[in-house]
*Asks:* 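The structure that follows is given in the form of structure tokens.
By convention in this document, chain letters (A, B, ...) are assigned in the order of the sequence lines, proteins followed by strands, and residues within each chain are numbered from 1.
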Amino acid sequence: MTAALEAIGITRRYDQGGLTVEALRGVTLTIGSGDHAAIVGPSGSGKSTLMHILGGLDRPSSGTLRIGGRDVAALKPDELADVRNRTIGFVFQSFHLLARTTALDNVAMPLVYRGLRGAERRRRAREVLELVGLGHRTGHRPSQLSGGEQQRVAIARALVTEPAVLLADEPTGNLDSVRGGEILDLLDDLNRERGVALVIVTHDAEVAGRARRQIHVKDGLVTEAETVA
Amino acid sequence: MRIAEAFRVAVGALRANTLRSALTMLGVVIGVAAVVILVAIGTGAKVTVERQVQGLGSNLILVVPGQLQFGSAPSASRLRLTDVDEVGRIVGDRNRVAASVASGENVRAGTKQEYATIQGVTETTLAVFSRHLSAGSYLSRSDVDTRRRVAVLGATTAQKLFGARNPVGLQVSIAGVRFRVIGVMSVRGSALGVDQDLDVHIPITTAQRLFATERIDALAVRAPDAAAIGDLGNRIKTDLQDRYSGQEFSAVTQEQILGVLGSILGLLTLVLAAIAGISLLVGGVGVSNIMLVSVRERTREIGLRKAVGARQRDIGIQFLIEAVLLTTVGGCLGIAIGVGVSMAVDALTPLPAIVTWWSGALAFGVSVAVGIIFGVVPARRAGRLDPVVALRTE
Ligand SMILES: Nc1ncnc2c1ncn2[C@@H]1O[C@H](COP(=O)(O)OP(=O)(O)OP(=O)(O)O)[C@@H](O)[C@H]1O
Ligand SMILES: [Mg+2]
């Protein structure tokens, strides 16, 4: 397996008026392409921080992160934005959809920053919405969609750029268990059929159990277990 | 393509807050409209005054005693009627020289009485000031030489005293002395705020006796052509100063009056524009303020856009376009309102207002610039937001 993401000795410190919080204290891990990993750990252990760094949204205080083999330390902010656009898909716990915008335009939005024309953007967005089972909801605004549908739109938005890695921070945290299960099935399918590497942040043991690898975060350090199934 | 998208997003954001956008725009609308209106009024005043000065007649040199300066009191005149001949000699044609002595007096005809400016003048006045008659004839050389009691009425005075009747051959009394009306002058309008149609012209000799004076107030010379004005003016001035030692004389031309008045009124227009510009600036501050609010409100949107690959510049441009859109739409509305109000002022009030293309262009340019200048700070703030922090914001 080639490495999609490679973290070596990563730390992340937050300085708050003389007080230093060390959210990550030397994390080394690799996410291979087509991988399926869960990041688990108690609240405040540094899961979200790790995910932001893995996705190139945040930069480590020290250590090396390679996305698709490229060291992010060498990238300018705009270059890093481009790397995010091309290789990473983010799914957030609170969806983060644009309220005044239709499902279709929400999904098409990342393609704006790839410089695609409007017609092409909408064609691809429609395709992905169909893939997540929302082909009949393209014109709806987020407020006209159920929570589960909103999360599917968010997943479609993460997929529209055909990323190598999908990073999901508590993707089922705001959903009931049935809807949550559907979302996880969808993610599993994507991983299996499209070969998208999945990294799911969760503190739900059941959610974590579906992944091939469990990465435990505790006090800013990681330990790893392989699911035997 | 990204610009087009940024434009679309900006329009959407402005329309989502229609009332707020409209109120923010209002500041710019008022500022731009004020610039256009005040410049129109300033320009109107300038053009009107210039027209009045030109109304005096072209190639005219006015010779008055004293130093012609704004703020200095006119000095007592030592000019005498004999100077007309002397100046006529310098000019080379006595018919090009007119002299006058003026005083305000009551004029009576029958039961009607009017206050009028009695101008004692030489018979050359009609030609020198290029005035015209609507009835009768003008003063003659012999009227002046023999001190006849004849009068030529200004159009307004004639109308007020005699109504529709033709006054030629009728009597008027000026300061209690009887005069025979021999002519009526055509409508002339006002020059420098003085209504020339209120004038009554009588022979200068008759006037000097009536006012019990030897003086004449001013000499007017009509130069043969524009090129001769400067030289002629100087020669007349030095000649008079030689003969009346210790007395200063001024020879002012229409161009000089125009120049002085023009620069004063031009300055006034600029001051008005600057005052209006301040309100435009205040409008710009309002835009900046609202843009900062908008950035704060949409922090999560900014974080999200950055997470999916927007660069600093993409975000910055989006907000900059929003600000510029606010001010340019406001600017266009302001120009429309400004032009409308200026035209209404011109039509409905005695104030002349002339809309100039440059005031509209300037106001529009300034409002675009205001959008850029006052949009840059919020746009930069938006572009530099840390996506992680932005996404955590609730
Ligand atoms: N911007 C910040 N400034 C200061 N401290 C921060 C900041 N972001 C996170 N932290 C701290 O870093 C630590 C890890 O936070 P993080 O959000 O990664 O935890 P988490 O594992 O995702 O928790 P949860 O399960 O509650 O989401 C916490 O102690 C948090 O207080
Ligand atoms: Mg978290």
*Asks:* For A:His203, look at atom NE2 and say whether over 12 heavy atoms of other residues, nucleotides or ligands are found less than 6.0 Å away.
*Replies:* no

*Asks:* Count the heavy-atom pairs under 4.5 Å between each of B:Glu301, B:Lys306, B:Arg298, B:Arg305 and chain A, then report the option with the highest count.
*Replies:* B:Arg305

*Asks:* Would you say CH2 of B:Trp358 has more than 12 non-hydrogen atoms from neighbouring residues, nucleotides or ligands within 6.0 angstrom?
*Replies:* yes

*Asks:* Select one option (side chain, backbone, both, neither) describing which atoms of A:Arg86 are under 4.5 Å from chain B's heavy atoms.
*Replies:*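 Contact with chain B involves no heavy atom of A:Arg86 at all.
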
*Asks:* Should A:Glu120 and A:Arg123 count as an ion pair when the cut-off is N to O under 4.0 Å?
*Replies:*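 Judged by the 4.0 Å cut-off on N to carboxylate O distance, A:Glu120 and A:Arg123 do form a salt bridge.
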
*Asks:* Please determine, among B:Ala13, B:Ala307, B:Pro387, the option with the most heavy-atom pairs under 4.5 Å with chain A.
*Replies:* B:Ala307

*Asks:* Between A:Thr11 and A:Ser62, is there a side-chain donor-acceptor contact under 3.5 Å, judged purely by atom types and distance?
*Replies:* yes

